[in-house]
Amino acid sequence: MLNIALFGPPGAGKGTQSRFLVEQVQLGYVSTGDSLRRELREQSDLGKQAQDIIASGGLVPDEIIVQILEKTIAAHPRANGFLFDGFPRTAIQAYILDGLMTKLNSSLDVLINLQVPDEESLRRLLERGKSSGRSDDHKEVILNRLKEYHEKTHPVLDFYADKGLRVDVDGTQSVEQVQQEIRRIVQAQYSKRPVALVLFGYPGSGRGSQARALAEAFDLECIATGQMLDEEIAAGTELGQRIQNLYERGDLVPDEMVIPLIEKRIEQAKHQRGFIFKGFPRTRVQSYILDGLLMKHGCSAVKVLDIEVPVLELMERLDRRSRSEACMPYDTGTERIVRRLREHERKTVPVIQKYGEVHGVARIDGTGAFEDVFARCSDEVRQMFQVGGG
Ligand code: AMP
């Protein structure tokens, strides 16, 4: 998860910059101001309670803000982090944010403080007032909002400076310059966190060899579950013995055995820039578990690639492999090959579809030379390392 707060006085450009950032990063957007205005339009109980305070330029009580926050967070159940705009605005709200983050097993990564002097805020908000239709964009109300900012909100900055999370940005620069600075700050945060690439493809699509090559080229830890289980057997551990027994009976290895192994690999690979998963997830349940694991281990982006190769070519490739030294035990015979392709179609394709709805799937043309497919995959991986490219 990556959590960012945009901080600054009214008129500093938090809303404008948030809009840019939301386009670039896949974070849940939390604007307490926008949420309050929505409640107001809907004339909900919360909206009615906040109405007069907003109109006078005062700060809405923390009690109401907590409820607004709960609603907004609940609307993003699978968000891989949040962008907070206009929150926290009081010392109490800073503690609320701390609590909220802890509940999500996460923490705030950076607070970007847009610095703008009062005269500039006033000028901008008066200008905005000509078209915004906001009841609080009038001179008297703006002056009160600035007063509230200096009395209650500005002191919150020290709280974050002490934690080493505050980064100042000169908000008087052009919108584009501020945007660029923010982008750099966010990019630096992303670079600190591991990314995850999930590689799908039919048997014979080349996903195994592409996964290994991509891992090597981008310093990623390749977590290939089938291979991982084989290694456990080869290491002769107690778990390895149990896996061997299951194999011999032709049973599937249950999730309770596979998942701790995956987690161990993730933990041991902390120094790497991220992970490539191959052969996992294979079921809907596993996709939920993987998302949980990635969140827990602070992954900033998840990218899903599906390597596509026409069925006839898959058959040709697998047939060729069955007659080569690289022949796998499951490659021998047309019947076995067809069964594996069917299995993939029946079980994994729906998972890719479902998983894709959450993260989006990049479809890779898997035909042609290995290097060409590798170049196509590499383009996607490079994008993943850009701001929020997951
Ligand atoms: P904004 O859109 O962020 O400028 O917020 C507009 C108004 O909503 C503010 O002047 C406050 O009255 C209220 N508001 C927004 N966010 C908060 C917050 N975190 N705490 C208290 N009041 C808020």
Side-chain angles (χ1 to χ4, degrees), residues 3-22 28-73 75 82-101 108 111-118 120-157 159-160 171 175 178 182:
N3 301 295
I4 305 166
L6 267 187
F7 195 92
K14 300 186 293 294
T16 308
Q17 295 298 337
S18 291
R19 277 190 286 282
F20 290 131
L21 213 48
V22 162
Y29 177 49
V30 181
S31 160
T32 41
D34 281 356
S35 302
L36 284 166
R37 278 185 287 278
R38 193 172 322 114
E39 299 282 339
L40 229 121
R41 274 196 306 277
E42 292 167 3
Q43 279 293 295
S44 68
D45 277 353
L46 285 177
K48 283 182 197 155
Q49 286 173 55
Q51 190 157 11
D52 291 346
I53 304 168
I54 295 177
S56 70
L59 286 186
V60 173
D62 295 330
E63 182 69 30
I64 295 182
I65 296 299
V66 179
Q67 295 176 61
I68 293 278
L69 268 179
E70 267 183 0
K71 272 182 149 182
T72 321
I73 301 287
F82 290 94
L83 170 66
F84 295 98
D85 161 9
F87 173 84
R89 257 174 155 111
T90 63
I92 296 295
Q93 289 181 15
Y95 286 105
I96 293 173
L97 180 58
D98 248 12
L100 176 74
M101 291 284 101
L108 188 73
L111 180 121
I112 302 173
N113 175 37
L114 298 179
Q115 293 176 309
V116 172
D118 283 4
E120 178 64 8
S121 288
L122 181 62
R123 192 190 64 74
R124 290 182 184 180
L125 292 176
L126 285 175
E127 188 59 32
R128 185 174 80 181
K130 290 179 188 163
S131 58
S132 71
R134 275 177 58 162
S135 62
D136 57 352
D137 280 348
H138 296 286
K139 190 166 181 188
E140 245 173 65
V141 182
I142 296 169
L143 291 176
N144 197 34
R145 286 163 67 194
L146 286 168
K147 185 168 154 283
E148 288 279 87
Y149 172 77
H150 288 293
E151 281 177 18
K152 297 178 184 160
T153 309
H154 191 263
V156 176
L157 278 177
F159 181 91
Y160 290 101
V175 171
V178 174
I182 292 180

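Whatever order the structure lists them in is the order used to number ligands and atoms, beginning at 1.
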Are the side chains of H154 and N113 in touch, meaning some heavy atoms are under 4.5 Å apart?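 Of all side-chain heavy-atom pairs linking N113 with H154, none is under 4.5 Å.
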Side chain to side chain, V156 and Q93, heavy atoms closer than 4.5 Å: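 No, every pair of side-chain atoms sits at 4.5 Å or beyond.
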Which segment of [X] sits under 4.0 Å of ligand 1 when only heavy atoms are counted:
X    : answer
R145 : side chain
I65  : side chain
I54  : both

Run the numbers for me: atoms of ligand 1, each under 4.0 Å from some heavy atom of [X], listed by number.
X    : result
D136 : 6 (C)
L36  : 8 (O), 13 (C), 14 (N), 15 (C), 23 (C)
G86  : 16 (N), 17 (C), 18 (C), 19 (N)
Q93  : 18 (C), 19 (N), 20 (N), 21 (C)

Using only atom types and a distance under 3.5 Å, with no angle test, would you say the side chain of [X] pairs donor to acceptor with the backbone of [Y]?
X    : Y    : value
N144 : S56  : yes
R145 : D136 : yes
Q43  : L40  : yes
K14  : P9   : yes
S121 : G11  : no
Q17  : G13  : no

Under 4.0 angstrom from ligand 1, any heavy atom of [X]?
X    : result
P10  : no
R134 : yes
R37  : yes

In the protein, which heavy atom is nearest to [atom], and how far is it?
atom                    : result
atom 3 (O) of ligand 1  : R89 NH1, 3.0 Å
atom 12 (O) of ligand 1 : G58 O, 2.6 Å
atom 16 (N) of ligand 1 : T32 OG1, 2.8 Å
atom 22 (N) of ligand 1 : V60 N, 3.0 Å

Please check if atom CD in E140 has more than 12 non-hydrogen atoms from other residues, nucleotides or ligands closer than 6.0 Å.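 No, because the 6.0 Å sphere around CD of E140 holds 12 heavy atoms or fewer from other groups.
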